[in-house]
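Below you will find the structure I want to go over with you.
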Amino acid sequence: MTEKKRGIHELYGEDPVAADEQLWGRESDPITRRGFLTKGSLVAMSAAIGASIPFAHLMPRGLIPAALAQTDTPFEIPGKEGLVVLNDRPVNAETPAHLLDDRVTPARHLFVRNNGIPPVTTSIDPDAWELEFGGESIARELKMTVAELKSQFEHYTYQLQLECGGNGRSEFVPPASGNQWSNGAIGCPEWTGVRLRDVLDFVGVKDDAVYVAYYGADLHASGDPDKVPISRGVPIEKALEDETLIAWAMNGEDIPPMNGYPLRLVCAGWPGSVSGKWLRKVVVRNQVHDGPKMTGTSYRVPCKPVAPGTTVPDDEMCIIESMPVKSLVTFPKSGITHAMGEKLAVRGHAWAGDLDVTEVHVSTDFGATWKKAALEAPANRFAWQHWNAEVEFPEIGYYEVWARATDSAGRSQPMVLPGWNPKGYLNNACHRIAVQVA
Ligand SMILES: Nc1nc2c(c(=O)[nH]1)N[C@H]1C(S)=C(S)[C@@H](COP(=O)(O)O)O[C@H]1N2
Ligand SMILES: [Mo]
């Protein structure tokens, strides 16, 4: 990674006027604090600094906070380690495959995918955080605090995969716009919370309910407090599954700030975008949810395969549901040198959206022959499964180890890029690592 200074114009673009508007609001913005601060721009600046600014109302218009202007430390996400930052406005960072070797993904290695500006939650009381229930198919509109959720419903802990729908996007040709994820927008931590189903049973859902969606406390990237960065949902059947959680803990601790503290949805097996972070509101809908990033090319793919580069009409795009079968080689690290004559132990994880993985195979000859790996059962439904194998190399030289998983419906990972789509979702081509045998 190249060193990045957290200068304000790197956070908000090269154009100083645009940067100024992002921070302080446009001239035409409603006058709130001493005539120059808008709520949205203040929140954006606080998020960039990582703290609230008590004397914000005394800051001259256009002042670049020293914390942002005068640091020479590379851009870092507090609590994260070894992640590759793909974007710092908004913050998006992925985990190199070899740092995903743990059976349960530690907080420091869980990727970050933000569509907007995260709320500043450093000094909040998590138990007082309120979650609202609404939508046309909710029986009673009400609010509950995290403390009430914790005390009124049974707690469950599951190990649940979270994978961004755009994981693997960087390989598509023609390229798709968006964060250029390679393989690391995946993780599988342990989540603790209450079942969304139990809470919806208590609140009450009308007979015409078809969809359940979320709103979070993050701010639109423009800083406009009236815009929502993302609000997605799932059909009610998926929302009511045992493992769909309203979670307040990850690996037995508070959820990391960038991963949704203090409360998030975890609805595993589908694109990560359905698992709302900084959860503020759950809506039960009598129609397919139409929030931002539910329509157009967002998290939708052509219903039928198209030629790369095709412009696909809206009504021929379908919402992504279960994620496809996939696997990672997490050990060894790609690029190692291995001693000739010794067996090499390789291992990793495999997962298959709503399905189980039934087999994993590995190849050292670019897919000409395959060897079956040992595969473990998942810790619970929607947890990734661990696999391992031993491979041998006939002579010195350059090799690649490829892994290929097969799901319970008999579908395997492709060895080349799967179906092209406008936004580059669902690339589940085999992961491969380089090995030099010397
Ligand atoms: N409120 C809110 N929830 C959100 C997002 C977001 O930007 N805002 N991003 C979504 C997307 S696209 C993904 S892939 C996951 C990423 O979760 P993580 O950042 O904890 O890894 O969160 C989802 N939930
Ligand atoms: Mo995502």
Side-chain angles (χ1 to χ4, degrees), residues 1-2 81-86 93-106 108-111 161 163 167-173 175 180-188 324-352 357-378 384-407 411-418 427-438:
M1 202 187 86
T2 52
E81 222 179 273
L83 267 57
V84 177
V85 177
L86 302 179
E94 70 172 316
T95 316
H98 70 280
L99 294 183
L100 288 168
D101 193 43
D102 297 88
R103 297 167 76 89
V104 176
T105 309
R108 66 185 186 284
H109 290 158
L110 182 63
F111 76 100
Q161 351 142 0
E163 181 179 20
N167 198 19
R169 173 176 295 140
S170 62
E171 290 181 58
F172 280 100
V173 183
Q180 296 299 304
W181 306 105
S182 57
N183 299 291
I186 169 77
C188 197
V325 62
K326 200 157 168 178
S327 58
L328 273 183
V329 183
T330 59
F331 183 89
K333 183 181 177 178
S334 186
I336 58 147
T337 301
H338 180 71
M340 180 61 210
E342 283 175 24
K343 288 182 176 175
L344 175 67
V346 293
R347 64 175 179 253
H349 320 288
W351 59 99
V357 176
T358 50
E359 283 180 351
V360 173
H361 288 86
V362 292
S363 176
T364 52
D365 53 13
F366 302 102
T369 63
W370 293 89
K371 178 183 178 183
K372 196 167 167 176
L375 177 69
E376 295 181 30
W384 62 16
Q385 296 169 239
H386 315 295
W387 63 265
N388 68 83
E390 265 184 356
V391 293
E392 286 174 278
F393 304 96
E395 56 186 285
I396 62 167
Y398 175 84
Y399 295 85
E400 292 187 2
V401 179
W402 293 11
R404 189 186 75 196
T406 306
D407 70 22
R411 280 183 294 252
S412 297
Q413 291 181 256
M415 279 170 284
V416 294
L417 269 185
N427 175 8
N428 68 333
C430 291
H431 181 219
R432 53 209 186 96
I433 61 160
V435 177
Q436 294 274 1
V437 175

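For reference, positions follow the sequence shown, starting with 1. The structure displayed is predicted, hence computed values, not measured ones.
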Any heavy-atom pair between the side chains of Q413 and S327 that's under 4.5 Å?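 In contact.
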Taking C-beta and beyond as the side chain, do S363 and V401 meet within less than 4.5 Å on heavy atoms?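 When only atoms from C-beta onward are counted, V401 and S363 do not touch, as no gap falls below 4.5 Å.
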Over 60° means perpendicular and under 30° means parallel, so classify the ring planes of W384 and W351, tilted if in between.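 Plane angle between 30° and 60°, so tilted.
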Find out whether S412 and V325 are in side-chain contact, i.e. whether some heavy atom of one side chain is under 4.5 Å from a heavy atom of the other.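 S412 vs V325: side chains apart.
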Would you name the heavy atoms of A389 and V362 that are closest together and state the gap between them?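 Minimum heavy-atom contact is CB-CG2, 3.9 Å.
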Within the side chain of Q385, is there an N or O that forms a donor-acceptor pair under 3.5 Å with the backbone of V357?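 Yes; judged by distance alone, with no hydrogens or angles, the pair exists.
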Quick check for you: to the nearest 0.5 Å, what is the distance between F331 atom CZ and L344 atom CG?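 Here the rounded value is 7.5 Å.
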Got R411 and P324 here, is their nearest side-chain heavy-atom distance under 4.5 Å?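 In short, these two side chains do not touch, never coming nearer than 4.5 Å.
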Do you know the tightest heavy-atom contact between V435 and F393?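 Between these two residues, the closest heavy atoms are CG1-CZ, 4.1 Å.
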Do the side chain of H386 and the main chain of E376 share a donor and acceptor less than 3.5 angstrom apart?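 Not confirmed, H386 side chain does not pair with E376 backbone.
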Residue among L110, L100, T330 satisfying side chain to side chain contact (heavy atoms under 4.5 Å, CB included) with T95: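 Output: one option passes, namely L100.
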Atom pair CG/CZ of L83 and R108 - distance to nearest 0.5 Å: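 Atom-to-atom, L83:CG and R108:CZ are 11.0 Å apart.
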For the atom pair CZ (R169) and CG (N427), what is the distance rounded to the nearest 0.5 Å?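 So the gap between those two atoms works out to 10.5 Å.
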Would you find a donor on one side and an acceptor on the other, under 3.5 Å apart, between the side chain of T105 and the backbone of C188?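 Yes; judged by distance alone, with no hydrogens or angles, the pair exists.
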Strictly below 4.0 Å, N to O, side chains only: are R347 and D101 in salt-bridge contact?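 So R347 pairs with D101 through a salt bridge.
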Check for a donor-acceptor pair, side chain of T406 on one end and backbone N or O of T358 on the other, with a separation under 3.5 Å.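 No: the side chain of T406 does not pair with the backbone of T358.
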Heavy atoms, side chains only, cut-off 4.5 Å: are K343 and E392 in contact?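 Yes, close enough: below the 4.5 Å cut-off.
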Taking the side chain as every heavy atom from C-beta outward, state whether V346 and W387 have any pair of such atoms under 4.5 Å apart.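 Side-chain contact under 4.5 Å: yes.
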Roughly how far, to the nearest 0.5 Å, is the CG atom of N428 from the CZ atom of R404?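 Output value for this atom pair is 12.0 Å.
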Determine the interplanar angle of the W402 and W370 rings, folded into 0 to 90°, and report it as parallel if under 30°, tilted if 30 to 60°, perpendicular if over 60°.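 The arrangement is tilted - the two ring planes meet at 30° to 60°.
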Quick one: does K326's side chain get under 4.5 Å of I186's, heavy atoms only?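 No. Closest side-chain heavy atoms not under 4.5 Å.
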Single hit among H431, E171, E94 for side chain to side chain donor-acceptor pair (under 3.5 Å) with S182: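 One option only clears the test, and that one is E94.
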So which heavy atom on D102 is nearest to which on H109, and how close?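 Minimum heavy-atom separation between D102 and H109: OD1-ND1, 4.2 Å.
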Closest contact, heavy atoms only, Y398 versus E400: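 Answer, listing the atom of Y398 first, then E400: OH-OE2, 2.8 Å.
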Quick check: closest heavy atoms across A350 and V360, and the distance to 0.1 Å?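 Closest pair (atom of A350, atom of V360, distance): CB-CG2, 3.8 Å.
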Between CZ on residue F366 and CE on residue M415, distance to nearest 0.5 Å: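 Rounded to the nearest 0.5 Å, the CZ-CE separation comes to 13.0 Å.
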Heavy-atom pair of closest approach, residues H338 and E342: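 Looks like NE2-O, 2.7 Å.
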Quick check on I336: does its CD1 atom have over 12 non-hydrogen neighbours (other residues, nucleotides or ligands) under 6.0 Å away?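 Yes.
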